[in-house]
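The structure appears below as structure tokens.
Computed from a predicted structure; not experimentally measured. Here, residue 1 is the first one in the sequence, and each next residue gets the next number. Just follow the structure's listing: the first ligand is 1, and inside any ligand the first atom is 1. All values below come from the heavy atoms of this structure, side chains included, with hydrogens, waters and symmetry mates left out.
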Amino acid sequence: MIGELKHYQGREQAYVKHFLLSEYLESWAHKVASTWEEVAYVDGFSGPWQHTGEAFEDTSFGIALRALSQAKASWKGHGKSVKMSAFLVEKDPGAYANLQAAKALFPDVQMKTYPGSFIDQAPSILRDIPPRAFAFVFIDPKGWGIDMKRIAPLLRRPHSEVVFNFMFDFINRAASIESSGVAASLDKLILDRAWRARLEARPGHIAEKDHRKTVLVDAFSRTLAQLGGYTHVAETTVLRPLKDRPLYSLVYGTRNSKGIEVFRSSQIKALCQQDRIRGFTKLSATAAASDQMEIFGSLSEMAPDPSIAFLAEEECRAKRLLLTLVPTSPASVRWPDLWPRILERNVVTKTQVKQIANELRSDGTLIVLDWGFKQRTLGDHNRVQRS
Ligand SMILES: C[S@@+](CC[C@H](N)C(=O)[O-])C[C@H]1O[C@@H](n2cnc3c(N)ncnc32)[C@H](O)[C@@H]1O
């Protein structure tokens, strides 16, 4: 469970990041613990940083450790014992002392802390994660000076997945700086250097700012996918609280289709939450400036949600993509191979994709093979083709 919004004043973007993390990890820890006996959480830049909650409820590791503790307790209630462990790195000595003090708050999670640099500690963490554990790795640096090759062995660990905070706003600015030092740092973060040529080749109909975001985030997503061997990579954008500009991108990598399913539904909830928080933050800022709190208080209920239009467009795109991915009869595609490919590219839930496919089946556009007598919706045994 995430801390209250009051803990995030002046850093509302962190609320959105933590909301997503909390939604994802609560569901993830519970699902993973249903089939695994050990679950591990790794936080490479754990803080605590700018936190005000007394029980670290407004920090990434506090949110994660609470999710692991809850999943453990829930499965214990069903007679299943799950071992939870956490591996947390913090460089700042003051923050590190606070991190160690947090151990007492989470007695159900075996917690190991590492002082110093995450990059240096990555090999030790890789050795320390129990081999039989399914692991989630959160990499949330303050900047972007990360040598991805040095953390590749950790990313490649089997039965693991990752969320990496790609500091888009800073990286976008750095990408325009002509300095060999900056270029060398960026080359360690984004391995495929073709992004520079792609930045130059902007199609006329795409706005400069959108083009730069797509090129940089796609290039980094490919680096993450290649180094970690992830089959599904997805991104969600966190905006500046008071400006309509992307601040960072949370890039997710997994080899598990269940993972991308949970990520997309958590992301959609986080986008709606982001609308709400940004609407409220913008109105509060305006009201503070003009001292008309009451007027703006009622206006906040009327603020439009920009994500609604975005999500509707994503659903249309998902339908178009589904139609291009399904081959014409007699060829067919297995349903469990189809829906994850749509979720990789579009911000939709698995339920939405099922609904689209069911509608296309009803109107005769799609044929679903092996449809059972009493079947109501698509299942893993089905194959799909276009009529
Ligand atoms: C953006 S904050 C992380 C916040 C935290 N993940 C959260 O969401 O609550 C980055 C943290 O990483 C620490 N840090 C900076 N460089 C580091 C490094 N090379 N290795 C590990 N920690 C580092 C900072 O002291 C700071 O506490």
Proximal ligand 1 atoms for [X], defined as those under 4.0 Å from one of its heavy atoms:
X: H18; answer: 7 (C), 8 (O), 9 (O)
X: D140; answer: 1 (C), 3 (C), 4 (C), 5 (C), 6 (N), 7 (C), 8 (O), 10 (C)
X: S46; answer: 5 (C)
X: T59; answer: 9 (O)
X: G47; answer: 27 (O)
X: G116; answer: 20 (N), 21 (C)
X: G44; answer: 21 (C), 22 (N)
X: D92; answer: 25 (O)

When the aromatic ring centroids of W75 and H30 are compared, is their separation below 6.0 Å?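 Ring-ring flag for W75/H30: true, centres closer than 6.0 Å.
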Of all the non-hydrogen atoms in the protein, which one sits nearest to [atom], and at what distance?
atom: atom 7 (C) of ligand 1; result: S60 OG, 3.1 Å
atom: atom 24 (C) of ligand 1; result: E90 OE2, 3.4 Å
atom: atom 22 (N) of ligand 1; result: K91 N, 3.3 Å
atom: atom 3 (C) of ligand 1; result: F45 O, 3.1 Å
atom: atom 20 (N) of ligand 1; result: F118 N, 3.0 Å

Ring-plane angle category for Y41 and F136, please: parallel below 30°, perpendicular beyond 60°, tilted otherwise.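 Judged by the thresholds at 30° and 60°, the geometry between Y41 and F136 is parallel.
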Whether the E161 and T254 side chains hold a donor-acceptor pair (N or O, under 3.5 Å, no angle test) is what I'd like checked.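 The answer is yes; a qualifying pair exists.
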Quick one: do R212 and E208 make a salt bridge, cutoff under 4.0 Å?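 A salt bridge is present here (some side-chain N lies under 4.0 Å from a carboxylate O).
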Salt bridge present between R264 and E315 (N-O < 4.0 angstrom):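 Between E315 and R264 there is no salt bridge, as every charged N stays at least 4.0 Å from the carboxylate O atoms.
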Check step by step if side-chain contact (heavy atoms from CB on, under 4.5 Å) holds for F164 and I146. CA-CA 11 Å; F164 191 111; I146 308 285; 4.1 Å; yes
Would you say the side-chain atoms of R278 pair up with the backbone N or O of R240, donor to acceptor, closer than 3.5 Å?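 Yes, R278 side chain to R240 backbone: donor-acceptor pair under 3.5 Å.
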If I compare all heavy atoms of L369 with all of S332, which pair ends up nearest, and what's the gap?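 Shortest heavy-atom contact: CD1-CB, 4.0 Å.
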Is the contact between K17 and ligand 1 made by the side chain, the backbone, both, or neither, using heavy atoms and a 4.0 Å cut-off?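 Answer for K17: side chain.
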W36 vs V82 side-chain heavy atoms within contact, under 4.5 Å: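 Not in contact.
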